[in-house]
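Please read these numbers as outputs of a predicted model, since none were measured by experiment. We're numbering straight along the sequence, starting at 1.
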Amino acid sequence: MRRIAIVSVVWLACLGCGDSQSAKAPKITPVKVTVKINGQPLPQAKVTFVLTSDKVSGSGTASGVTDDSGQATLTIDGKSGACVGGNAVSVMEGEAPPAPGAEKGDRHSRGDSSKKTDNLKNRPIPVQYANAIQSGVKVDVTEGKSEYTIELKR
């Protein structure tokens with residue numbers, strides 16, 4: 001019985017061990033991003049910033065969906081902003097706009113999303129941008145700067 005108690009104490013003591021003690025919550029700063037493809041705004045695209053530092057705790061992932069002018073305000077864990085530091089970026093299809101004449105919140109208002117996104121400007125979004133690690137797009141978010149532009153190419 002004593003052996004089990006010792007093992008339990010050692011295990012509980014180690015819960016606080018490791019890199020997690022050196023990791024801290026990331027700094028969050030307001031971020032508004034404009035996404036363009038070949039110089040033209042990219043509407044209804046989901047843009048995601050993934051913090052590349054392993055020295056912070058938490059998700060480190062901020063996202064937003066662009067409006068008709070290609071702009072999005074990013075949020076992270078329900079708060080406005082993105083993590084300060086280097087971020088890998090992905091851009092993919094966002095939520096399809098509602099069907100014409102459909103009421104907001106109608107569960108059938110979205111229909112076939114692939115057909116609706118095909119009718120959006122500047123489509124399709126090249127598949128290489130769908131993965132933040134492989135997209136090659138990086139943004140260094142700094143405090144005091146809140147607007148960023150992402151230029152994608154076909």
Side-chain angles (χ1 to χ4, degrees), residues 15-154:
L15 284 178
C17 297
D19 291 337
S20 64
Q21 286 184 343
S22 61
K24 57 185 177 185
K27 287 188 179 183
I28 308 295
T29 191
V31 171
K32 184 176 191 178
V33 63
T34 300
V35 181
K36 295 181 178 183
I37 189 161
N38 291 348
Q40 299 298 312
L42 188 60
Q44 302 302 317
K46 181 178 181 182
V47 59
T48 304
F49 281 34
V50 180
L51 186 64
T52 57
S53 172
D54 61 353
K55 304 233 185 289
V56 296
S57 62
S59 76
T61 302
S63 64
V65 176
T66 60
D67 61 15
D68 289 339
S69 64
Q71 295 184 343
T73 300
L74 300 185
T75 59
I76 182 168
D77 296 332
K79 299 175 209 145
S80 180
C83 294
V84 172
N87 286 267
V89 178
S90 70
V91 179
M92 62 183 72
E93 291 298 343
E95 188 173 309
E103 290 186 33
K104 191 173 186 174
D106 178 3
R107 68 184 193 109
H108 299 290
S109 67
R110 301 255 177 234
D112 181 359
S113 63
S114 64
K115 289 181 182 174
K116 290 188 178 75
T117 56
D118 286 345
N119 294 327
L120 293 171
K121 293 179 186 177
N122 302 314
R123 290 311 196 270
I125 299 171
V127 70
Q128 75 224 37
Y129 297 114
N131 181 306
I133 303 304
Q134 297 173 351
S135 73
V137 180
K138 302 201 182 318
V139 173
D140 189 24
V141 174
T142 58
E143 290 183 272
K145 181 178 178 185
S146 61
E147 295 189 17
Y148 299 86
T149 299
I150 297 172
E151 293 277 351
L152 306 178
K153 301 281 184 208
R154 286 201 192 281

Do you know which two heavy atoms are closest between [X] and [Y], and how far apart they sit?
X: Ser69; Y: Pro41; value: O-CB, 3.4 Å
X: Gln44; Y: Leu120; value: CB-CD1, 3.5 Å
X: Tyr148; Y: Val31; value: CD1-CG1, 3.9 Å
X: Val50; Y: Ala132; value: CG2-CB, 4.0 Å
X: Ile125; Y: Ala45; value: CD1-CB, 3.9 Å
X: Thr48; Y: Lys46; value: OG1-CE, 3.9 Å

I'd like to check the side-chain contact (heavy atoms from CB on, under 4.5 Å) partners of [X]; sequence neighbours left out, ordered by chain and number.
X: Val89; result: Val47, Phe49, Val91, Val137, Val139, Ile150
X: Gln40; result: Asn122
X: Pro126; result: Ile37, Gln128, Tyr129, Arg154
X: Pro26; result: Ile28, Leu51, Val56, Cys83

Under the side-chain contact (heavy atoms from CB on, under 4.5 Å) criterion, do Asn38 and Lys36 qualify, and how do the steps go? CA-CA 6 Å; Asn38 291 348; Lys36 295 181 178 183; over 6 Å; no

Once salt bridge (Lys or Arg N to Asp or Glu O under 4.0 Å) is applied, do any residues pair with Glu147, and if so which ones, sequence neighbours excluded? none

For Lys27, salt bridge (Lys or Arg N to Asp or Glu O under 4.0 Å) partners two or more places apart: Glu143

Can you name the side chain to side chain donor-acceptor pair (under 3.5 Å) partners of [X], sequence neighbours left out?
X: Asn131; result: none
X: Asp77; result: Ser59
X: Ser63; result: none
X: Thr75; result: none

I want to check something: taking the side chain as every heavy atom from C-beta on, are Pro43 and Arg123 in contact at a cut-off of under 4.5 Å? yes

